[in-house]
Amino acid sequence: MKIVIAEKPSVGRELAKVFGATTRKDGYIEGKGYSFTWAFGHLLQLAPPQDYGFIGWRKQHLPMLPARFKLAIRKIKTKDGFVEDPGVRKQLDIIKKLFDEATEIIVATDAGREGELIFRYIYYFLKCKKPFKRLWISSQTDEAIKDGFRNLKPGEDYDSLFNSAHCRSESDWLVGMNATQALSISAGSRSVLSLGRVQTPTLAMICSRYIEVKNFVPQIYYQIAIQLDKDGQLFKAISITNFKTKEEAQQVFDQVEDIAAGFEKGGNITAVEAKPRKEPPPLLHDLSSLQQEANKKNGFTADQTLNLLQNLYESKLVSYPRTGSRYIGDDVFATIPGLISKLTDHQAFGKQAAFLQTIKLNKRSVNAKKVTDHHAILPTGEKAYNLSKDHQAVYDMVVGRMIEAFHQECIKEITKITVNSGSIFVANGTVVQFAGWRAVFNDAEDEKKDEDNPALPKVTAGELLPIVNKALLEKQTKPKAMYNEASLLKALETSGKEIEDEELRYAMKDSGLGTPATRAAIIETLLTREYIIREKRNLVPTQKGLAVYEVVKDKKIAQAELTGQWEKRLEEIRAGASVTEFKSEISEYTKTITQELLVAGAGLAAQLADN
DNA sequence: GCAAGGTC
């Protein structure tokens with residue numbers, strides 16, 4: 001009997017289906033000489049400090065550097081504290097039984113670093129010695145699966161990938177557990193002051209933004225607005241200069257040749273520019289972009305959106321949710337017309353779905369090379385009945401985005417009118433000439449933008465128009481916005497670097513903080529620790545969060561770059577470099593940061609006591 | 001009591 005082990009049930013079932021294995025057993029599916037089983041993500045974790053004899057949080061234990069790490073069954077939190085997850089224990093027993101019967105094991109966990117670790121931890125925990133081969137596929141279509149099984153790789157080909165995963169795992173434990181205990185102990189805090197490679201840079205981003213906003217000194221400046229009349233259609237133009245003093249502005253203001261000052265036609269149109277701007281449709285959603293949109297549109301937290309999406313996935317209404325890809329391959333693209341045809345009588349999107357059937361679909365979101373373990377989030381085509389309001393909202397975002405993504409470009413005409421009347425004024429206007437993908441949602445947000453950029457009358461250079469009104473405006477420079485869940489998620493994707501270009505941001509997604517699957521949990525951790533609170537939709541640091549930030553802000557553990565440095569080394573290990581050097585560097589760093597925090601935390605004790 | 005990673 002050959003045993004195939006997948007990362008999660010949905011994949012295990014899919015593989016079984018392709019093989020025609022249909023006998024459903026408890027925790028696996030049997031048939032055609034194979035058994036298909038699965039994990040539920042990581043079933044095992046590195047054992048906690050007490051399993052190495054570090055009982056209680058004591059300074060003399062630090063730094064804790066286990067000579068050999070142990071594995072422990074994943075725990076869940078209950079009223080009685082942490083206990084072994086019974087479902088996990090049961091599935092491990094099932095896997096053990098299957099491994100014992102196996103002639104060969106086929107590893108079908110996700111094709112990546114963590115997928116490799118999920119399997120190897122199980123394999124070593126169960127002390128299994130059977131030979132194993134690796135299925136390595138980046139698409140879940142029948143053809144890709146069959147092809148993958150015809151080209152199984154020797155298991156040892158992925159030993160270096162496991163090494164890099166193993167280093168990642170142990171390094172996070174060493175730095176996180178030691179730093180957390182060191183700071184908590186030295187601050188004499190009754191509550192946990194947790195620190196980690198990901199959560200601490202995230203906290204630092206929130207705190208430094210908060211401080212920047214708090215210390216922001218608004219600058220006052222002045223602008224002059226004039227209102228012109230073209231055959232009864234009024235439009236507004238603004239001075240191109242921002243004046244530092246009211247006097248300067250007043251002087252220019254007085255020179256405006258408006259009707260009240262006796263100038264019947266004092267606005268001289270000096271230039272008119274009109275150019276079309278094409279806006280391509282947005283890419284399909286990955287988890288992060290969907291969380292951001294759900295936060296902006298509905299105020300859902302990242303965690304809520306992930307949960308809602310997970311429910312929809314379990315109800316087989318949407319594809320795998322924790323994806324980091326916004327693309328699909330050509331094979332999945334072939335199924336899109338079918339999905340669209342099921343939506344033509346949809347209440348909100350039906351009309352646009354019907355329209356899509358008449359055009360050539362936009363292929364911006366189609367790129368097999370940019371599909372990693374999982375493709376972008378799509379509806380499955382199953383009928384959705386009786387969804388709760390929140391589930392419906394998320395589901396509609398998935399469906400609506402699919403319609404948008406395959407729709408046509410939106411074409412706008414951008415108009416810029418330059419007016420001279422004692423000074424130079426400019427009016428900007430935008431007219432949507434062809435809505436294209438923007439017809440799908442017709443957002444209120446977009447309408448609001450249109451208010452700032454209204455349609456402008458047709459005018460030509462050389463025309464003289466009456467200025468019916470003028471105003472001297474006092475304005476203030478504004479600070480950056482505080483982080484909210486949407487902007488924080490976006491910032492985490494690029495480790496806090498501000499990159500507006502969508503394509504460029506996408507290219508950086510491997511150097512972000514955390515992963516799609518973990519970012520919601522990172523935010524929740526910071527909230528649980530009472531480092532941050534939600535204030536309306538903003539994420540704002542507490543006194544405690546700011547105090548911790550002050551202690552660690554100049555240390556490596558608070559820098560997003562730490563992850564970047566680790567990733568570089570881990571990639572070298574994956575390519576075959578030795579692990580011993582990296583491991584000894586991590587041990588050294590663990591000793592250093594532990595010592596530093598044991599000292600620095602003392603200052604924190606007083607601050608925390610003050611509150 | 002603690003990390004970050006994955007998932008139901």
Side-chain angles (χ1 to χ4, degrees), chain A residues 6-12 27 38-52 54-58 61-64 69 71 74-77 81-82 85-88 90-91 109-110 112-122 164-185 189-203 287 306-307 309-315 320-324 373-374 492 513-522 524-526 528-529 557 562-563 566-567 570 586 590 593-594 597:
Chain A
E7 181 154 327
K8 44 191 167 273
S10 63
V11 175
W38 45 76
F40 310 118
H42 276 296
L43 301 183
L44 298 157
Q45 54 193 181
L46 295 177
Q50 60 266 30
D51 287 23
Y52 309 94
F54 305 121
I55 312 292
W57 292 34
R58 295 168 178 282
H61 292 153
L62 303 184
M64 303 173 289
F69 276 95
L71 292 171
R74 187 214 290 165
K75 308 282 194 298
I76 46 169
K77 200 172 185 175
F82 284 88
D85 184 326
V88 167
K90 185 178 167 206
Q91 190 65 13
T109 47
D110 290 357
R113 194 167 74 195
E114 291 304 320
E116 192 64 28
L117 192 62
I118 286 170
F119 165 71
R120 299 275 184 138
Y121 273 175
I122 294 170
S164 80
H166 197 197
C167 279
R168 197 281 306 148
S169 176
E170 295 188 351
S171 303
D172 275 327
W173 190 103
L174 287 169
V175 172
M177 295 293 189
N178 282 294
T180 297
Q181 289 203 12
L183 186 65
S184 304
I185 291 169
S189 175
R190 269 165 292 136
S191 63
V192 176
L193 300 176
S194 67
L195 298 173
R197 171 179 60 86
V198 175
Q199 63 171 269
T200 305
T202 306
L203 174 65
L287 174 61
L306 176 54
N307 282 324
L309 210 51
Q310 173 71 17
N311 297 149
L312 293 171
Y313 168 65
E314 285 168 18
S315 314
Y320 178 75
R322 291 177 211 79
T323 177
D373 295 350
H374 307 279
L492 288 175
L513 270 179
T515 70
T518 58
R519 287 191 189 122
I522 293 161
E524 295 304 314
T525 297
L526 295 177
T528 309
R529 298 275 173 270
I557 197 170
L562 180 63
T563 291
W566 283 23
E567 287 298 338
L570 292 169
I586 294 293
T590 301
I593 186 73
T594 304
L597 290 168

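The analysis underlying the following values was restricted to heavy atoms, covering all of them including side chains, and did not include hydrogens, waters or symmetry mates. Note on naming: letters A, B, ... go to the chains in the order of the sequence lines (proteins, then strands), and numbering restarts at 1 for each one. Being a predicted model, the structure only gives us computed values, none of them experimental.
Remark: C1' of B/dT7 and OH of A/Tyr121 are 17 Å apart, rounded to the nearest angstrom. Going from atom CH2 of A/Trp566 over to atom C1' of B/dG5 covers 12 Å, rounded to whole Å.
Contact between A/Pro516 and A/Gly324 at its shortest, heavy atoms only, is CG-CA, 3.8 Å. Shortest non-hydrogen contact noted between A/Gln199 and A/Leu526 is O-CD2, 3.7 Å.
Nearest nucleotide to the side chain of A/Phe40, out of B/dG5, B/dC2, B/dC8: B/dC8. For A/Glu7, counting side-chain heavy atoms from C-beta on, the closest listed nucleotide (B/dA4, B/dT7, B/dG1) is B/dT7. With B/dA3, B/dC2, B/dC8 as the candidates, the nucleotide lying closest to the side chain of A/Gln181 is B/dC2. For A/Arg529, the side-chain atoms get nearest to B/dA3 when compared with the rest of B/dC8, B/dA3, B/dA4.
For B/dG5, one of the phosphate oxygens OP1 or OP2 lies less than 4.0 angstrom from a side-chain nitrogen or oxygen of A/Thr518. For the pair A/Arg322 and B/dC8, the criterion of a side-chain N or O lying under 4.0 Å from OP1 or OP2 is met. In terms of phosphate contacts, A/Gln199 brings a side-chain nitrogen or oxygen within less than 4.0 Å of OP1 or OP2 of B/dA3. OP1 or OP2 of B/dG5 has at least one side-chain nitrogen or oxygen of A/Arg197 nearer than 4.0 Å.
For B/dC8, the base has no donor-acceptor partner in the side chain of A/Gln310 [N/O atoms by modelled type, under 3.5 angstrom].
Where A/Pro9 and A/Val175 meet DNA chain B, the nucleotide closest to each residue was compared, and A/Val175 sits on the side nearer the 5' end. For the pair A/Glu170 and A/Asp110, both in contact range of DNA chain B, the more 5′-proximal nearest nucleotide belongs to A/Glu170.
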